[in-house]
Structures are given as structure tokens and as C-alpha cells.
Amino acid sequence: MAKLYLVPTPIGNLDDITLRAINVLRSVDLILAEDTRTTSFLLKHLGIEKPLRSHHKFNEHATAQLFMETVEAGRDVALVSDAGTPGISDPGFLLVRTCVEQGVEVETLPGPTALIPALVNSGFPCDRFCFEGFLPQKKGRMKQLQRCAEEERTMIFYESPYRVVKCLEQFAEVFGEDRPISVSRELTKKFEQTVRGTIGEVLAHFREHEPKGEFVLVVQGKTRKKKHSEETDTEDDD
Ligand code: SAM
């Protein structure tokens with residue numbers, strides 16, 4: 001039986017496509033794309049011509065059927081999203097789950113995604129972190145945020161430019177104005193920028209400078225107060 005490849009695509013700078021991604025896109029029989037126009041542009045840039053079908057959040061249940069027929073006929077399929085890694089705040093999860101259930105082999109290529117450069121750029125610990133993706137736009141937003149209040153790992157959020165200021169105001173409410181934050185925008189693009197400081201300072205910055213472009217917000221985890229026994233204990237746990 002054929003395979004499903006998940007192929008990450010650039011989040012801005014077209015040079016970030018990997019050689020393997022190009023080879024896989026050249027070799028597969030069908031490409032499922034979140035937006036066929038965006039992917040056509042990329043394929044044209046790479047000089048690749050392949051059958052393209054749309055696969056987005058409104059038709060992903062229906063395309064799973066076309067996908068199964070294609071792999072059962074022995075044809076390899078690639079899934080791409082508009083930018084970054086499919087399945088990361090983008091369609092992908094449902095198709096991978098279908099593959100797992102139906103015994104179809106899945107191969108996810110490593111490659112571009114916005115969360116990793118934003119995390120590493122932040123200067124916060126990246127040995128342990130959690131990815132929160134997009135918070136709900138309305139219902140349940142504050143509840144979800146409050147669940148992060150005690151989180152000790154570095155937290156990564158995606159947010160639209162129209163909600164960055166509101167999001168920072170809510171962060172100030174939940175994490176406190178003094179919590180360190182790093183906000184990266186337009187990663188890999190011409191106007192890439194990272195603004196670091198306390199939540200209060202970064203909020204003041206974006207109240208003054210209208211947020212434009214694509215944003216990743218990285219919040220330092222809560223500092224854990226060491227118990228007296230931990231301070232005096234010098235032996236390893238295990
Ligand atoms: N699949 C993508 C990934 O692997 O990162 C994420 C897709 S999600 C629909 C789009 C969000 O990712 C944007 O709203 C922004 O939060 C983040 N993003 C994507 N490209 C970015 C970039 N160049 N700079 C900063 N954030 C970016």
C-alpha cells in the first residue's frame with residue numbers, strides 16, 4: 001500500500017523548503033493542499049506539476065475518502081498546508097488518524113514551523129515547553145488561559161494581529177504584568193522582529209505600534225519556589 005507524506009512548507013522565506021520536501025512533492029501522485037492557489041504558487045516556484053486537491057477544515061472528512069481510494073490504488077499522497085507543518089494549528093490530524101486506523105503508513109518530514117524559532121529566539125528555557133496554539137476566540141478563552149496560570153514550562157501561543165493587544169491584556173490579568181514574554185512577528189520574512197520584556201512593557205509597545213503580520217507569543221513559565229528540602233538536598237533523585 002502507498003504512503004501519506006506530511007510535507008512542511010516555508011512560513012515566509014521560500015529558501016526554507018528542504019531538499020527532501022522537494023523530492024517528495026516531485027515523487028507523489030497526488031498533493032492535498034489547504035489552499036490550492038497558495039500551493040500552486042509554491043509548486044510553480046519549484047517547477048513541479050502535480051494533481052492538486054483541496055483539503056481544508058471544511059472538507060477534511062470528505063477528502064479522507066478520496067485519500068483512501070488513492071492509497072489503496074497504490075498511489076502516494078502528500079499533504080501540505082498554506083505554511084509550516086500540517087497538523088500544527090492546520091488540517092492534518094484527521095488524515096493521520098485515518099491512516100493510523102486503516103493501517104496506512106505515515107511519514108512526516110521535519111521542516112518549517114513557526115513555534116520552534118519563536119521558542120528558541122525567546123531566550124526562555126526550551127528543554128520543556130508546551131504549545132497552546134490559538135486560544136478560543138470567545139467562549140472558553142479565559143478559562144483556557146487560567147488553566148495555564150500555574151504552568152511552569154515555557155508556553156507558546158499563536159495569535160492573529162487583530163487580537164495581539166487584547167491577548168496581552170489578558171496575559172497581564174492571568175500571569176501578571178511582570179511575567180517575562182517574547183513576541184516574535186513575521187519570522188523568516190523581511191520585517192522579522194522579536195520584542196522581549198515584561199508583559200506590561202510589551203503591551204505598552206504594541207499599544208504604541210499597531211501589530212502587523214503574523215505573531216507567536218512565548219510566555220515564560222511560572223517560577224517555582226524551591227522547598228527548603230530541595231535547597232539542601234544535593235543528591236540525585238534516582
Ligand atoms: N502550520 C503552521 C506552523 O507549523 O507553524 C501554523 C499555521 S497557523 C494557521 C498560522 C499561525 O502560525 C499564524 O497566525 C501565526 O500565529 C503563526 N505563524 C505562521 N507563520 C508565521 C511567521 N512567519 N511568523 C510568525 N508567526 C507565524
Side-chain angles (χ1 to χ4, degrees), residues 4-18 20-21 24-25 31-39 41-42 45 54-60 78-97 106-124 126 129-138 141 144-145 148 154-168 170-171 181-196 199 202 205-206 209-219:
L4 170 68
Y5 292 93
L6 280 91
V7 181
T9 54
I11 57 166
N13 189 329
L14 291 179
D15 287 352
D16 289 337
I17 189 96
T18 68
R20 231 182 119 208
V24 167
L25 292 174
I31 300 175
L32 295 176
E34 189 184 4
D35 181 333
T36 51
R37 279 169 309 175
T38 307
T39 302
F41 172 78
L42 177 70
H45 171 78
S54 78
H55 175 83
H56 46 68
K57 63 178 173 186
F58 302 110
N59 74 355
E60 57 184 340
L79 174 68
V80 297
S81 63
D82 287 353
T85 300
I88 301 297
S89 298
D90 266 340
F93 153 71
L94 257 172
L95 209 53
V96 174
R97 192 177 64 181
V106 179
E107 208 171 312
T108 302
L109 274 58
T113 186
L115 68 114
I116 298 298
L119 166 69
V120 179
N121 248 350
S122 72
F124 302 146
C126 25
F129 60 89
C130 61
F131 175 58
E132 291 291 324
F134 288 99
L135 289 165
Q137 283 184 29
K138 290 190 182 113
R141 186 177 170 96
Q144 185 153 329
L145 208 46
C148 298
T154 303
M155 292 166 276
I156 306 161
F157 299 85
Y158 283 172
E159 191 50 281
S160 120
Y162 310 108
R163 279 187 293 274
V164 162
V165 168
K166 179 180 155 198
C167 189
L168 289 167
Q170 293 171 329
F171 282 0
I181 187 169
S182 169
V183 175
S184 289
R185 59 180 280 268
E186 296 291 85
L187 288 158
T188 80
K189 301 184 198 176
K190 190 174 173 191
F191 297 108
E192 170 166 351
Q193 181 191 30
T194 293
V195 182
R196 302 180 186 85
I199 291 177
V202 173
H205 172 90
F206 283 111
H209 304 87
E210 187 196 345
K212 284 186 187 149
E214 298 196 274
F215 282 79
V216 185
L217 295 89
V218 185
V219 181

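Each ligand, and each atom within it, is numbered from 1 in the order the structure gives. Atoms considered below: every heavy atom in the structure, side chains included; atoms not considered: hydrogens, waters and symmetry mates.
- Distances below 4.0 Å separate heavy atoms of V216 from the following atoms of ligand 1: 25 (C), 26 (N).
- For the ring-ring contact (aromatic ring centres under 6.0 Å, His included) with F134, the lone residue among Y158, F215, F157 that qualifies is Y158.
- In this structure, of F191, F131, Y158, the residue bringing a heavy atom nearest to atom 12 (O) of ligand 1 is Y158.
- In K189, the part holding a heavy atom less than 4.0 Å from any atom of ligand 1 is the side chain.
- Contacts of L187 with ligand 1, taken as heavy-atom pairs under 4.0 Å, involve both backbone and side chain.
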Run E107 and R20 through side-chain contact (heavy atoms from CB on, under 4.5 Å) and show every step you take. CA-CA 12 Å; E107 208 171 312; R20 231 182 119 208; 2.6 Å; yes

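- Closest protein heavy atom to atom 10 (C) of ligand 1: F134 CZ, 4.0 Å.
- Each of the atoms 1 (N), 2 (C) of ligand 1 lies under 4.0 Å from some heavy atom of A83.
- Protein heavy atom in closest approach to atom 15 (C) of ligand 1: F215 O, 3.4 Å.
- Of the possible donor and acceptor atoms, none in the side chain of T154 sits under 3.5 Å from a partner among the backbone N and O of C130.
- Proximity of a side-chain donor or acceptor of T113 to a complementary backbone N or O of T85 within less than 3.5 Å is not detected.
- Protein heavy atom nearest atom 20 (N) of ligand 1, with residue, atom name and distance: E214 OE1, 3.4 Å.
- Atoms of ligand 1 found under 4.0 Å from any heavy atom of A114 (numbered from 1 in listed order, with element): 3 (C), 5 (O), 17 (C), 18 (N), 19 (C), 21 (C), 26 (N), 27 (C).
- Of the listed residues (T36, D35, N59), just one forms a side chain to side chain donor-acceptor pair (under 3.5 Å) with S54, and that residue is N59.
- When hydrogens are left out, the protein atom nearest atom 7 (C) of ligand 1 is D90 OD2, 3.3 Å; that is the closest non-hydrogen contact.
- Among protein heavy atoms, the minimum distance from atom 8 (S) of ligand 1 is reached at S89 O, 3.6 Å.
- T113 OG1, 3.3 Å is the protein heavy atom nearest to atom 3 (C) of ligand 1.
- Near E159, meaning under 4.0 Å from any of its heavy atoms, are these atoms of ligand 1: 16 (O).
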Carefully, step by step, assess L25 and V80 under the rule side-chain contact (heavy atoms from CB on, under 4.5 Å).
-> CA-CA 9 Å; L25 292 174; V80 297; 4.0 Å; yes

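- Checking side-chain atoms of E186 against main-chain N and O of F191 turns up no donor-acceptor pair under 3.5 Å.
- Scanning the protein for heavy atoms near atom 6 (C) of ligand 1, the closest one is I88 O, 3.4 Å.
- Side-chain atoms of S122 come within 3.5 Å of backbone atoms of L119 as a donor-acceptor pair (strictly under, hydrogens ignored).
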Self-check item: CA sep, side-chain torsions, deciding dist, call: L42, L14, side-chain contact (heavy atoms from CB on, under 4.5 Å)
Solution: CA-CA 8 Å; L42 177 70; L14 291 179; 3.8 Å; yes

Worksheet item: Can you list the steps and then say if K166 with E159 is a side-chain contact (heavy atoms from CB on, under 4.5 Å)?
Response: CA-CA 10 Å; K166 179 180 155 198; E159 191 50 281; over 6 Å; no

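- Looking at T85 next to ligand 1, an N or O pair under 3.5 Å apart turns up.
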